[in-house]
Amino acid sequence: MAVQDNMGARAPRASLLNDPVIRGIVYQVLVAGAVVAFISWIVLNTAQNLAAQNKTTGFDFLFRTAGFDISFTLFPWSRTSLYWEAFLAGLLNTLLVAAIGIFFATLLGFTLGIARLSSNWLIARVATVYIETIRNLPLLLQLFFWYFAVLKAMPAVRQSFELPLDIFINQRGLMVPRPMPDHEFTWVLVAIGFSVIATIAVGIWATRVRTATGRYPSAVVLASKVADAIVSFLVALLAFTLLGNMISGVSGAVIFGAAILVAILSVTRLAPFSRAAVAFVFGLTILYALLTAMFPDVPPLLVAAGSALAGLAMAWISFERTAERPPSEGRFPLPLLVLIAVGIPAFVYWATGAQLAFEVPVLERFNFRGGVQLPPELVALVFGLTVYTAAFIGENVRGGIRAVSHGQTEAAQSLGLKEGDRLRLVIIPQAMRVIVPPLTSQYLNLTKNSSLGAAIGYPELVNVFTGTTLNQTGKAIEVIALTMAVYLTFSLLTSAFMNWYNGRVALVER
Amino acid sequence: MSQMSETTAETPTRHSGMQISKTDVAIDVIGMHKWYGDFHVLRDINLRVMRGERIVIAGPSGSGKSTLIRCVNRLEEHQEGQIIVNGTELTADLKRIDEVRREVGMVFQHFNLFPHLTILQNLTLAPIWVRGIPKAEAEATAMHYLERVKIPEQANKFPGQLSGGQQQRVAIARSLCMQPRIMLFDEPTSALDPEMVKEVLEVMISLAEEGMTMICVTHEMGFARQVANRVIFMDQGQIVEQNDPDNFFSNPQHERTKLFLSQILH
């Protein structure tokens, strides 16, 4: 009440020294003055020093001839290229490594994060050991490891390792076939783009209809069954063809017939059994191929027996996973989407008679000819950044899933939601808002860490621009400023995206 | 506590309109044991709940009350004995577990609403994805139950915008939207401010009056007196004593029960 009585009157004035508003203003003026003074001192001092050394400032050097070589560029490069082209080459090389690294680090990181939460003791421990080891070793050391201990320790060109699909690996890097699409292949690319959009559209449409009416559209259910049979057939055909390679004397007709049988079974209630059989064949053949290559001295019968055990394990896992599934009517029509995504481009490829030839690298007298040569610096940098960043992303993913309280799972369980629906509708939407912010900063870290490529000789931005260009031109301020501006732009763009995303998904409270 | 005894006094005709089936068994727990590692949480639990029966489970903390009702919809698995819910025995078979969970609603101490969905979406999620009910119909049902718990105007808000009592009423409505035959309450009022306890208990009482089969783990003894057909007292993983509320409160048999009641009723 006493306060209200005073309301009309002026509040008693505090001493000017103790007034928080006035204090605040004074402090801010002092700090701003200090910053301005410091910056002007730096600028004036630099200008004086440059004048004393008879150096000019300005960006006109960008349009002079660079005159040096860059070992790996994404566009044709010669010694007569200009400095701004060198800048661009470095920038593109940085972006190339960042893009490839981010793609694989995301895949590996999510796998690791989920694996570390697995109830399977072995899987969880392997993921833990990986993450804890990789996270605690410095990145530069890891890059040196990949570059010097792994890639530079590869054999000389003449003794190159030959990997499947005409890929060769040696001291000079990775030789991969160069795709040579013909004119009709453009249509296949168009079809791929179209089928991606169609897949998403059908998925969204089916979900909408499912929500609105309680069941998936009947056309989708039917098409999904057909697609299921076709996909089962193709997978089975692949499995049995592999088996045919292992056991000689099996005719093509038998393989084809067996695959047809699996396809027919896949739409009946016996589907789990046929899937288990296919899984068995895959486990058997793949492990057999690997083991015979790795241990050529062990008798094949023993290897086959060991592989058969692995096949049985695969069959058991497959059976366990599929036997408890509900009938396909209530399930998301995944096979249909796979068929749309793969089938349309495949059909266009066949219908237009497009050809995708590959120029295979061929070993000549001193080096490989043809194909694409990925330099060991690029391969080592991508490997190092992927392996390193994936460990951090794995922890982000684990943290995000852990952040969703167990009560959410229990509430969803008690409502009768099945595991897939629980994850899709309850857990993942909540986990993503925890995962995405640190995930983008990991992407940013990867991009910035790619500058360590300079240490193993990969021509990225720091190497080409603040290294060679700076050395040759002596334009320290301009070069450093441009390079800083590039990384700063990446960071600001990322945080702008983050703010937008956070605002969009923030939980509403009060 | 005092509020509830007032409510009890206002409604003297308490067991009216509640019918308990003599033959239809809703839940049957036979010789059930559960361990957490070496720790024997539940010992030889035998409990038969008839259709329409309302049971309150009381006991000191750590006595296994919550664990017992969480076994009924298999949020926890038991290691020995049988649990049969609506005629389906709970085993490791996922199909049976789903079958049971569809018919058994559960309300948690901490509500566990889905914070990223609106109230309406919280209520329609399971009917749409578990029962395959068209969205419009599910929303109509949801609004019906929101009116029953007296907060239809909150339908398009998010859980974070509601008070604790409102959130718990939404949680009850969310369970009811699946039209369960049995409701389990796991200390539904323990996390609420005292003035919000009443609004939640009122919803539970009206549910009981409609003949819902209920098992409530609660410390609200006024609620037990008013609503329960049977009060079960648990201690150290065992059912120590069970009786109708009048006899349970006025004439407890077991020493442990007497001690507990003297502490909780002052």
Side-chain angles (χ1 to χ4, degrees), chain A residues 119 206-217 221 269 272 320-327 329-332 400 403-434 436 502 504-510, chain B residues 69-70 72-76 92-118 121-139 156-163 171 174-175 177-178 180 183-184 186:
Chain A
S119 52
T207 312
R208 284 236 176 105
V209 175
R210 165 68 179 76
T211 315
T213 66
R215 51 185 63 227
Y216 285 110
V221 173
R269 305 191 56 164
E320 249 201 336
R321 290 196 63 86
T322 52
E324 63 208 21
R325 277 204 206 156
E329 280 77 24
R331 253 197 4 250
F332 190 71
V404 183
S405 81
H406 191 55
Q408 294 288 309
T409 308
E410 288 184 346
Q413 279 176 333
S414 75
L415 287 167
L417 286 164
K418 293 188 173 59
E419 188 174 8
D421 288 338
R422 286 203 300 266
L423 285 175
R424 187 169 59 89
L425 300 167
V426 178
I427 308 300
I428 291 177
Q430 293 187 61
M432 280 317 275
R433 59 185 83 209
V434 183
V436 170
N502 275 336
R504 221 178 76 96
V505 301
L507 287 182
V508 182
E509 277 175 10
R510 289 289 142 197
Chain B
I69 68 166
R70 286 159 61 85
V72 171
N73 68 352
R74 192 83 179 184
L75 290 182
E76 307 275 355
D93 186 346
L94 287 177
K95 229 174 178 170
R96 290 184 182 200
I97 295 173
D98 284 335
E99 218 169 276
V100 167
R101 283 177 181 163
R102 276 199 294 273
E103 302 296 333
V104 179
M106 183 154 195
V107 176
F108 299 86
Q109 181 178 359
H110 295 290
F111 332 132
N112 295 346
L113 295 177
F114 305 130
H116 61 301
L117 301 177
T118 64
Q121 287 168 335
N122 263 280
L123 267 63
T124 55
L125 190 75
I128 288 175
W129 291 103
V130 178
R131 292 233 193 264
I133 292 170
K135 191 176 173 193
E137 198 182 311
E139 284 181 350
N156 292 314
K157 288 196 183 165
F158 286 88
Q161 295 172 295
L162 270 54
S163 73
R174 178 174 70 177
S175 289
C177 280
M178 285 295 284
M183 285 287 286
L184 307 173
D186 187 2

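Residue numbers start from 1 in every chain, and the chains themselves are labelled A, B, ... in the order their sequence lines are given, proteins ahead of strands.
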Smallest separation among heavy atoms of [X] and [Y], with atom names:
| X | Y | result |
| --- | --- | --- |
| B:Pro134 | A:Ala212 | CB-O, 3.1 Å |
| A:Ala411 | B:Phe114 | CB-CE2, 4.1 Å |
| A:Gln413 | B:Arg101 | O-CD, 3.0 Å |
| B:Ala126 | A:Leu415 | CB-CB, 3.7 Å |

Inter-residue atom distance [X].[atom1] - [Y].[atom2], 0.5 Å rounding:
| X | Y | atom1 | atom2 | result |
| --- | --- | --- | --- | --- |
| B:His116 | A:Ile427 | NE2 | CD1 | 8.5 Å |
| B:Asn112 | A:His406 | CG | NE2 | 10.0 Å |
| A:Lys418 | B:Asp98 | NZ | CG | 4.5 Å |
| B:Met106 | A:Glu410 | CE | CD | 7.5 Å |
| B:Gln121 | A:Leu425 | CD | CG | 10.5 Å |
| B:Ile133 | A:Thr211 | CD1 | OG1 | 13.0 Å |

Fill in: Distance under 6.0 Å and angle within 45° of ring axis: A:Arg210 vs B:Trp129
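Output yes; distance and angle both within limits.
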Worksheet item: Can you tell me if CZ on A:Arg208 sees more than 12 non-hydrogen neighbours from other groups inside 6.0 Å?
Response: no
Worksheet item: Among B:Leu113, B:Asn73, B:Thr118, which residue forms the greatest number of heavy-atom pairs with chain A at distances under 4.5 Å?
Response: B:Leu113
Worksheet item: Using a cut-off of under 4.5 Å for heavy-atom pairs, which of B:His110, B:Arg174, B:Arg102 has the most such pairs with chain A?
Response: B:Arg174
